[in-house]
Amino acid sequence: MDAKTETTLNNIIIRPAQVGDTQAFRALRLEALQNHPEAFSSDFEMNVRHPPTYWEKRLRSLGKEDMLYFAAHDNNLIGMCGIYQGNSPKTWHNGNLWGVYVRPQWRGIKIAEALIQKCVEWGQKHGIKIYKLGVVATNLPAIRCYARCGFKVYGIEPQAIFYNDSMYDELLMAKTTGTD
Ligand SMILES: CC(C)(COP(=O)(O)OP(=O)(O)OC[C@H]1O[C@@H](n2cnc3c(N)ncnc32)[C@H](O)[C@@H]1OP(=O)(O)O)[C@@H](O)C(=O)NCCC(=O)NCCS
């Protein structure tokens, strides 16, 4: 790995995902989906059934149009954030953030902000001009984090998520580079 792609924050390393992270990636992602079912559109029950090769393939395919960053402490993954680029010449300038998650005992020290910053740095190298994400309208910790990172609300997706007999609206947030 190129050392320049790493950031260290109080002994926490923010770094790109590697194929060797497969098992830990699976565990971290499933923990996020299981513990925060209303925060993510992906579903725990669907994801837990994927074979190990699914998780490995996701990591192997990273680099060209998408990237995933982890926060790690003592070689343990404690947070993640992914980004994927629009897939046509007309949408390449869009970067979509997904899967933002920090393990509970590590929250409140701006690890998510550092992960998002890494995704933005990756986007800048790939011609991304605008970063977008969706966040459940009641998820105040996440909204506060995204606002601090320069994201602004540009719309609402009504009833984006249905879980446990409840509907959740999502705030659509975007951050443009160079203008904020
Ligand atoms: C949203 C999340 C990624 C933020 O990560 P983080 O690294 O803790 O982010 P920050 O340190 O910037 O804190 C963000 C907000 O969390 C709240 N917070 C602070 N300390 C906290 C703690 N110990 N535990 C929980 N939340 C805390 C605060 O509201 C803080 O905002 P503020 O500093 O402006 O008051 C994390 O809370 C998380 O993983 N949540 C569950 C999954 C989720 O909702 N993901 C987002 C999907 S869109």
Side-chain angles (χ1 to χ4, degrees), residues 5-17 21 24-48 55 58 66-86 94-123 128 130-164 166-176 180:
T5 60
E6 278 190 18
T7 300
T8 306
L9 169 92
N10 298 330
N11 293 324
I12 296 161
I13 294 174
I14 310 291
R15 61 164 178 81
D21 293 315
F25 166 42
R26 177 182 185 274
L28 187 71
R29 179 69 172 150
L30 291 179
E31 174 183 305
L33 298 182
Q34 188 165 35
N35 292 346
H36 302 277
E38 70 298 331
F40 300 101
S41 51
S42 289
D43 181 56
F44 173 80
E45 298 298 338
M46 285 178 73
N47 277 269
V48 77
W55 301 93
R58 285 190 67 167
D66 62 347
M67 187 42 76
L68 175 62
Y69 287 93
F70 290 128
H73 183 262
D74 276 350
N75 285 327
N76 296 312
L77 300 189
I78 58 172
M80 60 176 275
C81 178
I83 180 168
Y84 62 92
Q85 190 165 17
N94 286 277
N96 303 288
L97 297 185
W98 68 274
V100 187
Y101 179 65
V102 173
R103 301 190 80 180
Q105 58 273 45
W106 294 95
R107 289 180 192 159
I109 54 168
K110 303 189 173 39
I111 294 175
E113 196 174 317
L115 285 159
I116 290 167
Q117 179 56 33
K118 273 289 188 220
C119 288
V120 170
E121 284 169 19
W122 182 89
I128 291 175
I130 183 163
Y131 300 83
K132 294 177 181 166
L133 56 82
V135 54
V136 165
T138 49
N139 190 348
L140 294 185
I143 294 166
R144 286 177 70 87
C145 169
Y146 301 148
R148 206 178 325 100
C149 291
F151 284 81
K152 295 187 173 70
V153 176
Y154 67 90
I156 295 178
E157 186 182 344
Q159 304 186 359
I161 290 177
F162 177 66
Y163 178 76
N164 219 7
S166 294
M167 290 287 187
Y168 296 88
D169 295 348
E170 267 193 355
L171 298 186
L172 306 175
M173 299 184 81
K175 168 189 172 74
T176 46
D180 49 24

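As the structure lists them, so they are numbered: ligands from 1, and atoms in each ligand from 1.
- Sorted by first and then second residue, the salt bridge (Lys or Arg N to Asp or Glu O under 4.0 Å) pairs involving residues 30-47 (not counting sequence neighbours) are E31-R103.
- Between Y101 and R107 the shortest side-chain heavy-atom distance falls below 4.5 Å.
- Side-chain contact between Y69 and Q117 is absent, with no heavy atoms from C-beta onward closer than 4.5 Å.
- Of the candidates M80, R26, R15, R15 is the only one forming a side-chain contact (heavy atoms from CB on, under 4.5 Å) with D21.
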Under a 3.5 Å threshold, I'd like every N/O contact between ligand 1 and protein atoms, with atom names and distance.
residue	atom	partner	partner atom	Å
ligand 1	7 (O)	I111	N	3.2
ligand 1	7 (O)	A112	N	3.0
ligand 1	8 (O)	G108	N	2.8
ligand 1	11 (O)	G108	N	3.3
ligand 1	11 (O)	I109	N	3.2
ligand 1	11 (O)	K110	N	2.6
ligand 1	12 (O)	R148	NH1	3.1
ligand 1	12 (O)	R148	NH2	3.3
ligand 1	23 (N)	R107	O	3.4
ligand 1	31 (O)	R144	NE	3.3
ligand 1	31 (O)	R148	NH2	3.4
ligand 1	33 (O)	R148	NH2	3.0
ligand 1	34 (O)	R144	NE	2.8
ligand 1	34 (O)	R144	NH2	3.1
ligand 1	34 (O)	R148	NH2	3.1
ligand 1	35 (O)	R144	NE	3.0
ligand 1	35 (O)	R144	NH2	3.2
ligand 1	39 (O)	V102	N	2.8
ligand 1	39 (O)	V102	O	3.2
ligand 1	44 (O)	N139	ND2	2.7
ligand 1	45 (N)	V100	O	2.8

Begin from the C-alpha positions of I161 and E170 and carry the test side-chain contact (heavy atoms from CB on, under 4.5 Å) through to its verdict.
CA-CA 8 Å; I161 290 177; E170 267 193 355; 3.7 Å; yes

Going through the checks in order, is the side-chain contact (heavy atoms from CB on, under 4.5 Å) test met by I109 and I12?
CA-CA 11 Å; I109 54 168; I12 296 161; 3.9 Å; yes

